[in-house]
Engineer: 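The structure is given below, and queries will be raised subsequently.
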Amino acid sequence: MGDTRLAAATTVLESTGVDALLVLGLTNIRYLTGFSGSDGALLMGRDGQWLLCDGRYTLQARGEATSCTVVEYKVKSDGIAGLVAGQGWRRVAFDAEQTTVAVHRTLAAAMVGVELLPVAGELDDLRRVKSAAELVAIEKSCTLASEALEQLLPMIRPGVTERSLALELEILMKRAGAEEKAFDFIVAAGERGALPHGHPTERVLAAGELVTIDFGARLHGYHSDETVTMAVGSADGRQREIYGVVKEAHDLAMAAVRPGAGCRELDGIARDHIARCGFGAYFGHGLGHGVGLEIHEKPTLSPRSEQKLAEGMVVTIEPGIYIPDWGGVRIEDTVVVTATGCRPLTKVAKELRIVG
Ligand code: ZN
Ligand code: ZN
């Protein structure tokens with residue numbers, strides 16, 4: 001698995017004209033080598049790859065990062081500096097988005113005479129288009145999370161708290177095999193739905209309210225991301241109207257997803273529809289984002305995005321309307337871009353549901 005990705009990363013090394021590439025971001029290390037430990041470094045030269053880790057991870061690294069030589073260190077910066085000196089490398093590129101100023105300072109002090117050059121984004125770009133195996137993992141994660149939400153439905157009723165719903169959903173997911181939740185779930189009822197990222201509280205659900213639940217699982221390192229908004233007991237005319245506008249924006253954007261589609265244009269399709277319906281002031285975030293080894297990764301679907309979709313990318317479509325003192329509606333699916341359009345990986349039906 002790592003070999004073809006390491007080869008792709010080597011082209012980054014060649015295009016920057018350096019002797020070696022230092023990767024410190026754990027997600028990129030996992031993507032490139034298979035190593036899933038929580039600390040380490042990857043050095044890629046023209047003649048080989050070295051995975052550096054401390055003694056806790058040496059055995060694991062040998063098992064997972066089979067295309068790398070595993071080097072154990074006591075102090076990470078010394079381990080990196082020792083290998084760089086031993087290989088005679090003079091110019092080393094590092095992933096700037098994953099390296100803090102403090103770490104850079106420590107590395108520079110340990111490697112006197114070595115030129116450190118930042119690369120930004122090139123490694124993350126490699127992860128945008130998913131392999132067949134990655135798509136299987138993401139779809140499994142999505143299916144597991146969607147099924148857990150379906151099991152939660154009988155519990156969504158007047159009198160239950162946001163927090164207990166979040167906790168129960170986490171238990172359902174983990175019982176079904178999720179290794180972790182993809183992120184801290186959002187459960188926001190009634191007027192709290194106006195908070196796009198409302199963390200679950202002890203607030204009790206009441207009949208006649210909407211509740212928004214944003215949730216996902218992590219399985220084999222891969223995430224899922226889905227949002228449902230449901231009506232507790234009943235829905236009034238305004239709730240149905242606003243739900244309908246968000247659902248139409250969601251459906252219009254989904255129908256426009258295809259290879260070559262501009263991420264900014266897709267965002268605009270949903271945003272323009274919401275604005276035409278009179279709610280333009282209430283959709284304050286981007287339409288979506290890539291999903292994979294990280295819950296938020298490239299590409300970004302927003303009014304500022306310059307990226308275009310390609311077959312095999314996995315992105316979310318998640319328009320919303322958030323009105324202070326009233327509440328909110330968000331509808332989100334994770335989809336894979338296919339040759340001709342897209343296929344949803346998340347499974348919960350998005351028609352307005354009355355629960356409880
Ligand atoms: Zn989400
Ligand atoms: Zn999302």
Side-chain angles (χ1 to χ4, degrees), residues 27 124 127-128 130 137-150 152 156 162 165-166 169-170 172-173 178 180-189 192-200 210-219 221-230 243 246-247 249-251 253-254 257 263-264 266-267 269-271 274 283-305 307 309 313-322 327-337 342-350:
T27 306
D124 292 352
R127 300 198 337 243
R128 287 184 299 177
K130 271 60 182 178
I138 296 171
E139 182 152 25
K140 276 188 185 161
S141 180
C142 289
T143 303
L144 187 155
S146 297
E147 288 177 357
L149 192 280
E150 297 286 353
L152 184 73
I156 309 175
E162 295 171 341
L165 288 178
L169 185 55
E170 182 176 348
L172 286 167
M173 260 183 216
E180 215 7 295
K181 53 186 171 174
F183 50 88
D184 287 334
F185 301 152
I186 291 158
V187 181
R192 293 194 73 254
L195 304 167
H197 274 193
H199 286 294
L210 297 179
V211 58
T212 297
I213 305 177
D214 191 343
F215 61 100
R218 197 182 79 208
L219 195 61
Y222 285 87
H223 297 82
S224 66
D225 195 4
E226 182 167 17
T227 304
V228 295
T229 300
M230 295 177 171
Y243 190 94
V246 176
K247 176 69 164 57
H250 164 273
D251 292 354
M254 294 270 276
V257 171
C263 293
R264 184 197 311 152
L266 282 173
D267 177 278
I269 287 169
R271 196 168 302 282
I274 288 172
F283 177 27
H285 58 74
L287 178 67
H289 53 85
V291 178
L293 284 170
E294 288 181 294
I295 183 65
H296 293 135
E297 53 181 53
K298 291 182 178 178
T300 302
L301 282 62
S302 82
R304 292 162 300 286
S305 179
Q307 296 150 29
L309 294 183
M313 287 184 181
V314 173
V315 298
T316 67
I317 300 293
E318 49 179 307
I321 292 177
Y322 312 93
V329 172
R330 178 167 64 261
I331 301 172
E332 175 180 28
D333 278 308
T334 298
V335 307
V336 55
V337 182
C342 76
R343 186 167 69 82
L345 301 177
T346 40
K347 313 290 184 197
V348 180
K350 296 301 184 300

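When a ligand or atom number is given, it counts from 1 through the structure's own listing order. Given the structure is predicted, the values throughout are model-derived calculations rather than measurements. All heavy atoms count here, side chains included; hydrogens, waters and symmetry mates do not.
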Engineer: What's within reach of the Zn ion (ligand 2), meaning protein N/O/S atoms under 2.8 Å?
Structural biologist: Asp225 OD2, His289 NE2, Glu318 OE2, Glu332 OE2

Engineer: With no hydrogens and no angle check, just 3.5 Å: does a side-chain donor-acceptor pair link His250 and Asp333?
Structural biologist: yes

Engineer: Can you tell me which residue among Val335, Val291, Val337 is in a side chain to side chain contact (heavy atoms under 4.5 Å, CB included) with Met313?
Structural biologist: Val337

Engineer: Can you list the residues that meet the ring-ring contact (aromatic ring centres under 6.0 Å, His included) rule with His285, with sequence neighbours excluded?
Structural biologist: Phe283, Tyr322

Engineer: Is it true that a side-chain atom of Thr346 and a backbone atom of Thr334 form a donor plus acceptor pair closer than 3.5 Å?
Structural biologist: yes

Engineer: For Pro319, is there any backbone N or O sitting under 3.5 Å from a side-chain donor or acceptor partner on Arg271?
Structural biologist: no

Engineer: Check whether Thr316 reaches the backbone of His289 with its side chain - one donor and one acceptor, N or O, closer than 3.5 Å.
Structural biologist: yes

